[in-house]
**Q** 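My questions will all concern the structure given below.
For clarity, every value in this text was computed on a predicted model and none was experimentally measured.
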Amino acid sequence: MAGTKPDNNVKNVGERMYAAISGVKQVKRSKLLFWIRSAYRRGDNGNNSPDLGMPKRDYKMMIDSDGSHIQLYNDEKDMGKSQNLKDTEPDKTAELMNELEDCCQSSS
């Protein structure tokens, strides 16, 4: 899209989404999306933002890279992220933790 050539020495774990971004056709992701926050970014208003995040369907899992500050939200029911569900939905928390771990390991 930017007119540059990819570096063949870099392992790409993402998906090509040009067709979706450019409006050529609808494309559904076949892999999970996740992000890793830069160590230099403190977050909004100086608050600590989670290091890792992964949305999946209606849920979003966020966590610090050392495994602390686990957050699980249902974005469909709670867009403002006011209710952390990590303790009330332990099965969903464990499921997304495992998937996030797998994503992080496959990208390293």
**Q** Going by the rule side chain to side chain donor-acceptor pair (under 3.5 Å), which residues pair with S82 if we only count those two or more places apart in sequence or in a different chain?
**A** D78
**Q** Does any part of the side chain of L96, heavy atoms only, come nearer than 4.5 Å to the side chain of M54, both counted from C-beta?
**A** yes
**Q** Can you list everything that forms a side-chain contact (heavy atoms from CB on, under 4.5 Å) with N84? Sequence neighbours excluded, please.
**A** Q71, L72, Y73, K86
**Q** What residues form a salt bridge (Lys or Arg N to Asp or Glu O under 4.0 Å) with K92, not counting sequence neighbours?
**A** E95
**Q** Considering residues at least two apart in sequence or located in another chain, which fulfil the salt bridge (Lys or Arg N to Asp or Glu O under 4.0 Å) criterion with D75?
**A** K60, K81
**Q** Not counting sequence neighbours, which residues clear side chain to side chain donor-acceptor pair (under 3.5 Å) with N74? List them please.
**A** none
**Q** Side chains of M97 and I63: closer than 4.5 Å at any heavy-atom pair?
**A** yes
**Q** Distance only, no hydrogens: is a donor on one side chain within 3.5 Å (strictly under) of an acceptor on the other, for Y59 and E89?
**A** yes
**Q** Name all residues meeting the side-chain contact (heavy atoms from CB on, under 4.5 Å) criterion together with S68; count only those two or more places apart in sequence or in a different chain, and write none if there are none.
**A** D64, D66
